[in-house]
Amino acid sequence: MTAPVRILIVGGGYVGMYVALRLQRKLRRGEARITVVNIDSYMTYQPFLPEAAAGNVEARHVVVSLRRVLKKCEILNGWVVGVDPVARTADLCLHQGPGRTLEYDILVFAPGSISRTLPIPGLAESGIGFKSVEEAIHLRDHVLAQLDLAESTTDRSVRAKALSFVFVGAGYAGVEALAELEDMARDVCRYYPTVDPGDMRWLLVEATDRILPEVGPEMGRWTLEQLRGRGIDVRLGTRLNSAVDGHIVLDDGTEFDADTLVWTAGVKPNPLVHTSGLPLDDKSRVKASADLIVEGFPHVFTAGDCAAVPDLTKPGEMCAPNAQNAVRQARTLADNVVATLRGRARRPYRHAYAGSVATLGLHKGVAQIYGRKLRGLPAWFMHRTYHLSRVPTVNKKVRVLTDWTLGLFFKRETVSLGAISDPRQEFELAIRTESRVPSSR
């Protein structure tokens, strides 16, 4: 009896999860054994992170359990720290205990991307990204905690620092995160008698001369006007020079203190690409052909943020590293894996850019879909409709829709659960207090 082909999928994000989901539906029983390796046991639907941060959607509703949806796959949690495409092995580092070496026949290499940072003094100590659900919920709790502090303190400098919020990077992540959090903070000011929305300072720093390039120049300018109309300070052609101890220094000479610094200035391929033994381009992306095969390795497939895939609709260019391409590439990749196993011809990936949608807060948005431009409420409705249709599983669709429906009748939650990030603090306080109390024995 022929042993099943061993398929190893590195990464459980858009590409990894959708490839595994499609493979387990299309492969025959016993045809292959699928193993998925991911740091976490869930996939995050990132377009809903801003809504989760603003309290419009429950955090658990924007993540999908890999073990629940990939019932025919083996799920391993840990980090792949090295790949040998010649020996067809991958080294796995687990969260605890000794690592493992995994053998495979076919590799799907899709570790995704990480935040692209710069060596700016203080950034590592003061900043936070916006790529994970943990970061989104932490920011929500942090913003609410800053309002609590501003309401409670009598020190003007402490208050000013608490109410200053800085976002660096005016792409999708930066604009949507800032707009949703500012909208939430403005809304909850009603519960803080001494905090007026005008007391808050929201600053968006962008090194280029435009924001939201994905929606086009006209919609980008409209979005800029909307943000500035809400009192948000948008600095174009400006860079962050320093953030040591929360002291923000911009290259235009502006200096002030802020307790909140969010870094969303782009992404870069996962560092695993450098220890993968796979060919890379000048942007550290894995070189791939249009049928999503890695150059020189016919048994290795790749897609998503870490892959340089030719854009057949724009000769000479590469596919943009966005969710729109990742989800569609995953389908083609899975079909090509099946075709390879069965000796059939593979098909190239081809997708014409459909457009973009962005949320700017409750009932506010901007969109450009197939050349049609939308703004305000229609764009916001389009954003929700489109992404609801893309959320994996009916379970999550229903839960997200339920969150939105309840939001029509009840106000969003405004409680900070920041202590969740340090759950042992209360218990440690009890231990320290007990140690100071004289024993009566």
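What you are looking at is a predicted structure, and each value in this text was computed from that prediction instead of being measured. Nothing fancy with the numbering, it's 1 onward along the sequence.
Side-chain contact check for Tyr349 and Asn336: no donor-acceptor pair (N or O, by modelled atom type) lies under 3.5 Å. With hydrogens and angles left out, the side-chain atoms of Arg6 and Thr35 include no donor and acceptor closer than 3.5 Å.
Between Val166 and Ala258, the shortest heavy-atom contact is CG2-CB, 4.0 Å. Here the closest heavy-atom approach between residue Pro348 and residue Leu312 is recorded as CB-CD1, 3.7 Å. Scanning all heavy atoms of the two residues, the minimum distance from Asp281 to Lys283 falls at OD1-N, 2.9 Å. What you find for Ala243 and Ile248 is that their closest heavy atoms are CB-CD1, 4.0 Å. Annotation for Leu118 and Leu123: closest pair O-CD2, 3.6 Å, computed over non-hydrogen atoms. Summarising the geometry of Tyr14 relative to Ala323, their closest heavy-atom pair is CZ-CB, 3.7 Å, with the distance given to 0.1 Å.
By the 4.5 Å heavy-atom criterion applied to side chains, Glu51 and Val62 are not counted as neighbours. For the pair Leu66 and Met17, the minimum side-chain heavy-atom distance is below 4.5 Å. The shortest side-chain heavy-atom distance between Phe381 and His363 does not fall under the 4.5 Å cut-off. Looking at heavy atoms from C-beta onward, Val19 lies out of side-chain contact with Val337 at the 4.5 angstrom threshold. Residues Arg350 and Thr313 are in side-chain contact: their nearest non-hydrogen atoms beyond the backbone lie under 4.5 Å apart. Gln226 is not listed as a side-chain neighbour of Lys364, based on a closest heavy-atom distance of 4.5 Å or more. Taking the side chain as every heavy atom from C-beta outward, Tyr191 and Glu151 never approach each other to under 4.5 Å. Met219 places none of its side-chain heavy atoms less than 4.5 Å from the side chain of Leu212.
Of the possible donor and acceptor atoms, none in the side chain of Tyr18 sits under 3.5 Å from a partner among the backbone N and O of Ala326. Remark: side-chain polar atoms of Asp183 are paired, donor with acceptor, to backbone N or O of Leu362 under 3.5 angstrom. Of the possible donor and acceptor atoms, one in the side chain of Lys397 sits under 3.5 Å from a partner among the backbone N and O of Val391. Of the possible polar contacts, none joining the Ser276 side chain to the Val83 backbone as a donor-acceptor pair under 3.5 Å is found. Without hydrogens or angle criteria, Ser164 side chain to Arg201 main chain gives no donor-acceptor distance under 3.5 Å. No donor-acceptor distance shorter than 3.5 angstrom exists from the side chain of Asn38 to the backbone of Asn77, with no hydrogens or angles considered. Not one N or O on the side chain of Arg347 forms a donor-acceptor pair closer than 3.5 Å with the backbone of Asp335. Checking side-chain atoms of Thr101 against main-chain N and O of Asp91 turns up no donor-acceptor pair under 3.5 Å. Remark: side-chain polar atoms of Lys396 are paired, donor with acceptor, to backbone N or O of Arg60 under 3.5 angstrom.
Leu204 pairs with exactly one of Val175, Val262, Asp233 by the side chain to side chain contact (heavy atoms under 4.5 Å, CB included) rule, that one being Val175. For the side chain to side chain contact (heavy atoms under 4.5 Å, CB included) test with Asp305, the passing option among Pro111, Pro269, Pro321 is Pro321; the others fail. Remark: of the listed residues Val300, Leu8, Leu341, Leu341 is the sole one forming a side chain to side chain contact (heavy atoms under 4.5 Å, CB included) with Ile106.
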Using the side chain to side chain contact (heavy atoms under 4.5 Å, CB included) rule, take Asn395 and Arg68 through it: C-alpha gap first, then chi angles, then the decisive distance, then the call. CA-CA 11 Å; Asn395 180 358; Arg68 184 169 182 174; 3.2 Å; yes

Go through it in stages, so that I can follow the logic: the residues are Ile128 and His142, the test is side chain to side chain contact (heavy atoms under 4.5 Å, CB included), and I'd like the CA-CA distance, side-chain angles, deciding distance and then a yes or no. CA-CA 11 Å; Ile128 186 173; His142 175 75; over 6 Å; no

Kindly indicate, with the supporting measurements, whether the criterion side chain to side chain contact (heavy atoms under 4.5 Å, CB included) is fulfilled by Met318 and Arg285. CA-CA 11 Å; Met318 297 295 169; Arg285 298 174 300 184; 3.8 Å; yes

Could you go step by step and tell me if Glu58 and Arg399 meet the salt bridge (charged side-chain N to carboxylate O under 4.0 Å, His left out) rule? CA-CA 9 Å; Glu58 167 62 35; Arg399 291 181 183 275; over 6 Å; no

I would like to know whether Gln324 and His351 meet side chain to side chain donor-acceptor pair (under 3.5 Å); could you show each step before the answer? CA-CA 9 Å; Gln324 187 176 141; His351 170 64; 2.9 Å; yes

Between Thr208 and Glu206, does a side chain to side chain donor-acceptor pair (under 3.5 Å) hold up when you go through it step by step? CA-CA 6 Å; Thr208 67; Glu206 170 55 40; 2.6 Å; yes

Might you work through the side chain to side chain contact (heavy atoms under 4.5 Å, CB included) test for Phe109 and Val273, ending with a clear yes or no? CA-CA 9 Å; Phe109 189 78; Val273 299; 3.9 Å; yes

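Within 6.0 Å of atom CZ in Arg190, more than 12 heavy atoms from other residues, nucleotides or ligands are found, so the atom counts as buried in its surroundings. A 6.0 Å sphere centred on CZ of Arg239 holds no more than 12 heavy atoms belonging to other residues, nucleotides or ligands. Shown here is Arg342, whose CZ atom has more than 12 heavy atoms of other residues, nucleotides or ligands within 6.0 Å. Within 6.0 Å of the CE atom in Met200, the count of heavy atoms belonging to other residues, nucleotides or ligands exceeds 12.
Classification of the Trp202-Phe165 ring pair by plane angle, with boundaries at 30° and 60°, yields parallel.
Separating the OH atom in Tyr192 from the CG atom in Leu163 is a distance of 10.5 Å, to the nearest 0.5 Å. Atom CZ in Phe301 sits 8.5 Å away from atom CD1 in Ile7 (nearest 0.5 Å). Expressed to the nearest 0.5 Å, how far OG1 of Thr117 lies from NZ of Lys268 amounts to 5.0 Å.
For an aromatic pair to be called close, the ring centres must be under 6.0 Å apart, and His61 with Phe48 fails this.
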